[in-house]
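Read through the structure below, which is laid out as structure tokens, and then see the notes.
Everything numeric in this text was worked out from a predicted model, so none of it was measured. In what follows, chains are A, B, ... by sequence order, proteins preceding strands, each numbered from 1.
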Amino acid sequence: MAASDIDLGKYKLGWSDTEADYVYKPKKGINTDVVKDISHHKSEPEWMTKFRLNALARFERKPMLEWFARNMPDIDFDDIYYYIKPIDKQVSDWDMLPEDMKHTYERLGIPEAERKFLAGVTAQYESEVVYHKNREDLEALGVLFTDMDSALRDYPEIVQQHFGTVIPPGDNKFAALNSAVWSGGSFIYVPPGVHVDMPLQAYFRINAENAGQFERTLIIADEGASVHYVEGCSAPVYSSDSLHSAVVELIAKPGARIRYTTIQNWSPNVYNLVTKRARAEAEATVEWIDGNLGSKLTMKYPAVVLTGPKAHGEVLSVAYAGPGQHQDAGAKMTHVAPETTSIIDSKSISKDGGRTTYRGLVRVEDGAYGVKSHVRCDALILDEESRSDTYPYMEIEEQDARVGHEATVSKVGDDQLFYLMSRGLDEQQATAMIVNGFIEPITKTLPMEYAVELSRLIELNMEGAVG
Amino acid sequence: MTAFSADASRTLGGPDWLTRRRAAAAERIADLTWPSTAEEIWRYSAVDRFDPDRYVPVPAGELGLPGAEDVPGGGLLAAEAGERSGLVVVRNGRVVHHELDPALEARGVRVQGLATDTDGIAEPWLGRCSDASPDAFTVLHDAFLAGGAFVHVPRGVVVSAPIVVLHWSEGDGRATFPHTLVVAEEGSEVSVVDRYSSRGRDHLVDAVVELLVGDGAHVRYLSVQEHGPETWQVALQRAHLGRDAGLRASAVALGGDYARLRSETRLDGPGAESDLLAVYFGDGHQMLDFRTLQDHSAPDTRSNLLFKGAVEDEAHSVYSGLVHLRPEAQRSEAYQTNRNLVLTDGAGAESIPNLEIEANDVRCSHASTVGPVDDDQRYYLATRGIPPEEADRLIVMGFFDDVLTRLPVRSLVAPLRAAVTRKIEQRGSVRA
């Protein structure tokens, strides 16, 4: 199946395969036994079992933040499956995958992507990583790219040393939940001085009804190393809500560079509550590129803690909110060390009753002299039913810091529309073209397939309701 | 909480309608929970340090008797205002003197105290704004509102020179509740200046300003706050604008230990326009705290906000503003800008300019900056032979000047510029 044959329509990814062959399907809800069970099933070391139980206690203790509760009044933690294991063993060859899973991935375009020069594929189906292939030349470089469960088994020292150090289990209620029941996710370690030229890629899906996905990703770029990781999501439509609550930790050691790209296109019944944070040590660079198209509610604020002098952090994000959707996304930059810099660039589009929110924080600690930070948020509201909010926090405790913020909210300009329509485009084409131009600063940073897919998804989302 | 009792509230006297309003609020005091910084609107504030037990409302015996309003006053501060059409002197929250150009009085303009309004002319207006946006401090205010200034301009009357209200509060451990109520009826025009000063250890000023701007009316309003260094101010200033109404409101904040101003504007009528300006300068351990709301609830409305501040020594400032465009506010424009200069290590500024936009055919933008004095500007002045201390003073004055020159009451621009300069010049002496 060629990439061009893949239809990226609104609900076209919303099929579901039969719910057969689940090896392990525990009861709904969460308690000490469920957590112990998960850890036991995975034959984890004792420190991880303790880590999970400690996190569970924190999850139970932590109150739901008021604005969290306001965003999702109807969440029921007892009506969710916290762990589902689809097949017993992982496969390393595409042909060994069960037929219905392969079908799923084919519709997502994975084989096509793999035929191209993508460096490796880790596809997550349900809560466990089932397919994983590592390019041999990466292995030769000493790059470790595997799923998180295998990493815990195969590289226990590296994992234990870094796991939970950027996002401790008590960070917030959903990070605590993830820490208690996490399963799957990616692990990458890039040795000092190694540059991974091709983006590393993984696809995630939720499939079982009410299956929570709690993947856990840890990426470490050692001194002077660089890596680009790409995560994309697409999920089938179900009648009842699913919860997705990932934790992603990035560690960029001195002089390292990490770019993390996400295009999130969960089906419109998914709660997507993700904690993403990076630590950038001296002269390191971390870039989060974040596209939010799907889900019922996304709450995600990728963060960079700039702990070493001259570190640089960037968040570039695009959000699209259609009918019934709320994209509550943003960014956080914490400047701890001197001469650190950061850029936040956020573009959002709301349409057909959708709501976009930018919520961000730039914090400059006392002593972090010479800091520069710039935040820019632009929102397009395409019709009367939709709305957009901007909540940019700035906390500056250091005199010698230059921090700026600007934001605009507008509709598609009449004169821009008039210009394009006078050149023979109809209103819908013209609007789509303006919207694609609006998000162009973000799309141009994406790998080409993603840029094309994102533009196409936005165009498809625009269809029908204009004019 | 003992001092703020219903009994204490009852001793304040005054006309029946005012006593009734106080009694209703006093009943609610027992159930009040004091805010904390856990609440978003109080985040970054000093409210966690607030201890109501440290204050006693000014007892009736220490207030001027209602009716005895023949005490002239104003002194230097009144003289600074230059030409004026009216003057009100408020001491510890009750009007002790008022005067008005007889020609305006003849046209029905009223300038007087609430405590002597036995006819209840102010009654239908009082609380129209503050009741729409209550918090624990407005309830306390309503329960101990001893008097306050009332300015009423009838339909179509134009008051050209400003009406000046001087609020003077004093007393160790005393709490005062100044109130200014301005009613500009349809098609009228008026300028009002509120000037606050205070003296005393642990003094609390819980102030409310209500600006009711009728259809097609235009109000220019300036508040200047030069409280003593141990004064806590918690103030609400709220305006409601009718169809095609115009408001130019500005604030100059220099004094106080902790001084908070919640400045809210609701654009109720189509075509209403508001322009909000502020200048603030904090030094020592001061904390200056601003919360603004531009609430557009009608189509074709326009608002613009520019707040500029500087902090030095260990001072902190907070600017948190919200532009809210409701679904009915189509074809509206709203702009919001906050700029902060941080002059010394140890000082800090928080800036949170928020937008909530529920209409699509609108133009909105906001911008905020926090940073030190620009090195390029300093270098330029140094190449012209200007020493660094002097250069910084010039740069800070230049930073403030574009707001100061736009203040709605021209005659006060020069004295206020001098007041800001004095405060900047204290720098050297404080440090030496």
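Taken from CZ in B/R243 to CG in B/D300, the straight-line distance is 9.5 Å, to the nearest 0.5 Å.
Comparing B/G371, B/G348, B/A347, B/P353 by how many heavy-atom pairs each has under 4.5 Å with chain A, the most go to B/P353. Note: B/Q330 leads B/H324, B/R363, B/Q330 in heavy-atom pairs under 4.5 Å with chain A. Of the residues considered (B/V342, B/L355, B/T369), B/L355 shows the highest number of contacts with chain A, using heavy-atom pairs under 4.5 Å. When the candidates A/H405, A/R363, A/E385, A/E406 are compared by the number of heavy-atom contacts under 4.5 Å with chain B, A/H405 comes out ahead. Of the residues considered (B/S368, B/A359, B/A38, B/A334), B/S368 shows the highest number of contacts with chain A, using heavy-atom pairs under 4.5 Å. When the candidates B/V311, B/N338, B/V362, B/I357 are compared by the number of heavy-atom contacts under 4.5 Å with chain A, B/I357 comes out ahead. Between chain A and the options B/L322, B/V373, B/I352, the largest number of non-hydrogen pairs under 4.5 Å is found for B/I352. Of the residues considered (A/A407, A/S410, A/A379, A/S350), A/A407 shows the highest number of contacts with chain B, using heavy-atom pairs under 4.5 Å. Considering only heavy-atom pairs separated by less than 4.5 Å from chain B, the leading option among A/D389, A/T390, A/I381 is A/T390. Here A/Q399 is the residue among A/R376, A/Q399, A/R359, A/R402 with the most heavy-atom pairs under 4.5 Å with chain B.
Taking each heavy atom of B/R266 and B/S297 in turn, the nearest pair found is CG-OG, 4.0 Å. Of all the heavy atoms in A/P302 and A/V315, the pair that sits closest is O-CG2, 3.9 Å.
In this structure, the portion of A/S386 lying under 4.5 Å from any heavy atom of chain B is its backbone and not its side chain. Residue contact with chain A, scored on non-hydrogen atoms closer than 4.5 Å, is absent for B/R339. Using a 4.5 Å cut-off between heavy atoms, B/P327 does not touch chain A at all. Only the backbone of A/A401 comes within contact range of chain B, with at least one heavy atom under 4.5 Å from a heavy atom of that chain. When heavy atoms are compared at a cutoff of 4.5 Å, B/V318 does not approach chain A at all. Heavy-atom distances place the side chain of A/D366, and not its backbone, under 4.5 Å from chain B.
B/T301 places no side-chain N or O within 3.5 Å of a backbone atom of B/H296 that could act as its donor or acceptor partner. Judged by distance alone, with hydrogens and angles left aside, the side-chain atoms of A/E398 form a donor-acceptor pair with the main-chain N or O of A/G367 at under 3.5 Å.
Each of B/F50, B/W34, B/Y258, B/F137 was scored for a ring pair (Phe, Tyr, Trp, His ring centres under 6.0 Å) with B/W42, with one residue passing: B/F137.
Checked against the 6.0 Å centroid criterion, the rings of B/H285 and B/H316 do not qualify as a close aromatic pair. Two rings, from B/Y319 and B/F307, have their centers less than 6.0 Å apart.
For B/K308, the NZ atom sits in a packed shell: over 12 heavy atoms of surrounding residues, nucleotides or ligands are nearer than 6.0 Å.
Ring-plane geometry between B/F281 and B/F400 is classed as perpendicular, the angle between the planes exceeding 60 degrees on a 0 to 90 degree scale with a lower cut at 30.
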